[in-house]
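Working notes for the structure below.
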Amino acid sequence: MNPVYHQAKFMLSASKLSEAPEDQGREVAFAGRSNAGKSSAINTLTRQNALARISKTPGRTQLLNFFEIDEQRKFVDLPGYGYAKVPLAVKKQWHKMMENYLQNRDALCGIILVMDVRHPLTDFDRQMIEWCEFTKLPLHILLTKSDKLNFGAAKNILLKVQKELSERDVQVTAQLYSSLKKKGVDEVHDVLDLWFEV
Ligand SMILES: Nc1nc2c(ncn2[C@@H]2O[C@H](COP(=O)(O)OP(=O)(O)OP(=O)(O)O)[C@@H](O)[C@H]2O)c(=O)[nH]1
Ligand SMILES: [Mg+2]
């Protein structure tokens, strides 16, 4: 049976992997630059307004936030990267936690990489793509805030991103998304249904 995304509930926030829920079932992680729109995407995908907190101040979420969809399936809202005002020590801590999570989480079955359609493929985005290429982890890219561009411009960026990805040896798909207009939700659910299929 397909997961019922709107039943998602907040579980806990972890400042390190040892505080995470038991490593069982399947888990999809949302990664991306600070302020890209990860938490907003989780909220629209679960049809809840305030499940994942939306920050006006970028870089506020420095924790791994776990959401339970059902007993076997979870979302993880990963802390955003690349916010300049964060002190170096915090950046290092962030790096360590991300590495630990990505390398050691058996339940992790796919990554949703969220990018602002106006600033796609930052250095960190590329690192994440390379990581998925290296570990053969399925990856789906959301070019979000597509409401900020006209359709033609957004579509052009999607095509460019898809072209660059097609040159890589990685199982990756990409789409336009808008949390504001709730556009692209069904398309993401289709991808998640496949990853979560037990
Ligand atoms: N216009 C528009 N604004 C959006 C969209 N998605 C998110 N935003 C806005 O972008 C800002 C950042 O959104 P968040 O969802 O908090 O971003 P985040 O990636 O979770 O950020 P961090 O938790 O800091 O890493 C907020 O002010 C949102 O309202 C969208 O699809 N369209
Ligand atoms: Mg967030």
Side-chain angles (χ1 to χ4, degrees), residues 5-6 8-16 20 27-68 74-88 90-99 101-102 110-129 131 139-155 157-158 161 174-189 191-192:
Y5 298 102
H6 67 264
K9 286 185 200 70
F10 174 74
M11 290 180 85
L12 58 87
S13 298
S15 64
K16 45 183 187 284
E27 204 164 279
V28 170
F30 288 70
R33 216 188 126 77
S34 178
N35 210 39
K38 296 175 294 298
S39 302
S40 303
I42 290 179
N43 287 342
T44 46
L45 290 169
T46 56
R47 285 197 269 137
Q48 299 186 36
N49 291 331
L51 184 66
R53 244 182 290 160
I54 295 169
S55 52
K56 290 270 184 236
T57 322
R60 266 227 305 244
T61 337
Q62 290 295 336
L63 303 164
L64 303 167
N65 294 304
F66 289 85
F67 304 93
E68 181 180 69
K74 291 184 199 71
F75 282 158
V76 187
D77 192 0
L78 297 175
Y81 52 83
Y83 187 56
K85 284 185 189 158
V86 171
L88 191 63
V90 175
K91 278 187 191 160
K92 280 192 177 154
Q93 174 62 28
W94 174 88
H95 206 264
K96 223 172 78 184
M97 181 166 70
M98 287 287 280
E99 214 166 57
Y101 174 79
L102 291 170
I111 297 215
I112 302 277
L113 180 54
V114 180
M115 303 178 194
D116 185 324
V117 69
R118 298 163 301 173
H119 314 285
L121 298 171
T122 63
D123 287 350
F124 186 90
D125 294 331
R126 287 177 207 276
Q127 276 179 38
M128 189 57 92
I129 294 166
W131 173 259
L139 175 67
H140 185 66
I141 292 176
L142 303 189
L143 294 168
T144 194
K145 309 196 190 182
S146 64
D147 55 274
K148 298 265 193 187
L149 298 177
N150 69 43
F151 182 73
K155 188 81 191 178
I157 293 172
L158 175 63
V161 168
Q175 67 165 95
L176 296 174
Y177 195 81
S178 167
S179 293
L180 186 75
K181 305 274 183 204
K182 301 190 169 52
K183 274 198 177 154
V185 174
D186 292 346
E187 220 177 311
V188 189
H189 282 164
V191 172
L192 292 170

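We count ligands from 1, going down the list as the structure has it; atoms in each ligand are counted the same way.
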Is [X] close to ligand 1, meaning an N/O of one under 3.5 Å from an N/O of the other?
X	answer
D77	no
P79	no
K145	yes

Sub-4.0 Å atoms of ligand 1 with respect to non-hydrogen atoms of [X]:
X	value
S178	31 (O)
G80	25 (O)
S34	24 (O), 25 (O)
R33	19 (O)

Test I157 against L149 for side-chain contact (heavy atoms from CB on, under 4.5 Å), laying out the working first.
-> CA-CA 10 Å; I157 293 172; L149 298 177; 3.7 Å; yes

Residues, nucleotides or ligands: over 12 heavy atoms within 6.0 Å of R118 CZ |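 Yes, because the 6.0 Å sphere around CZ of R118 holds more than 12 heavy atoms from other groups.
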
Is the number of heavy atoms from other residues, nucleotides or ligands within 6.0 Å of CG (N150) greater than 12?
->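 Correct, the count exceeds 12.
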
So, S39 and the Mg ion (ligand 2): N/O/S under 2.8 Å, yes or no?
->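 True for S39.
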
Go through the structure and list residues passing side-chain contact (heavy atoms from CB on, under 4.5 Å) with T122, not counting sequence neighbours.
->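 Once residues adjacent in sequence are excluded, the partners of T122 under the side-chain contact (heavy atoms from CB on, under 4.5 Å) criterion are R33, Y81, F124, D125.
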
Give me the ring orientation class for F75 and Y5: parallel if the planes are under 30° apart, tilted from 30 to 60°, perpendicular past 60°.
->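 Parallel: the ring planes of F75 and Y5 meet at under 30°.
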
Quick one: are D77 and R53 in side-chain contact, heavy atoms under 4.5 Å?
->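 Answer no - side chains too far apart.
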
Is there a side-chain contact between F10 and Q48 (heavy atoms, below 4.5 Å)?
->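 They are not in contact (no side-chain heavy atoms under 4.5 Å apart), so the answer is no.
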
I need the contact type for [X] against ligand 1. Using non-hydrogen atoms and a strict under-4.0 Å cut-off, is it side chain, backbone, both or neither?
X	result
K148	side chain
D147	side chain
T144	side chain

side-chain contact (heavy atoms from CB on, under 4.5 Å) between I141 and M128, intermediate numbers included | CA-CA 11 Å; I141 292 176; M128 189 57 92; over 6 Å; no

Nearest candidate to atom 13 (O) of ligand 1, where distance is taken over non-hydrogen atoms, out of S179, S40, A52 |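 Checking each option, the heavy atom nearest atom 13 (O) of ligand 1 is found in S40.
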
side-chain hydrogen bond (donor to acceptor under 3.5 Å, both in side chains) against S178, all qualifying residues, sequence neighbours excluded =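 By the side-chain hydrogen bond (donor to acceptor under 3.5 Å, both in side chains) rule, S178 matches D147.
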
Heavy atom of G32, distance to ligand 1 below 4.0 Å |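 Distance cut 4.0 Å: G32 fails for ligand 1.
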
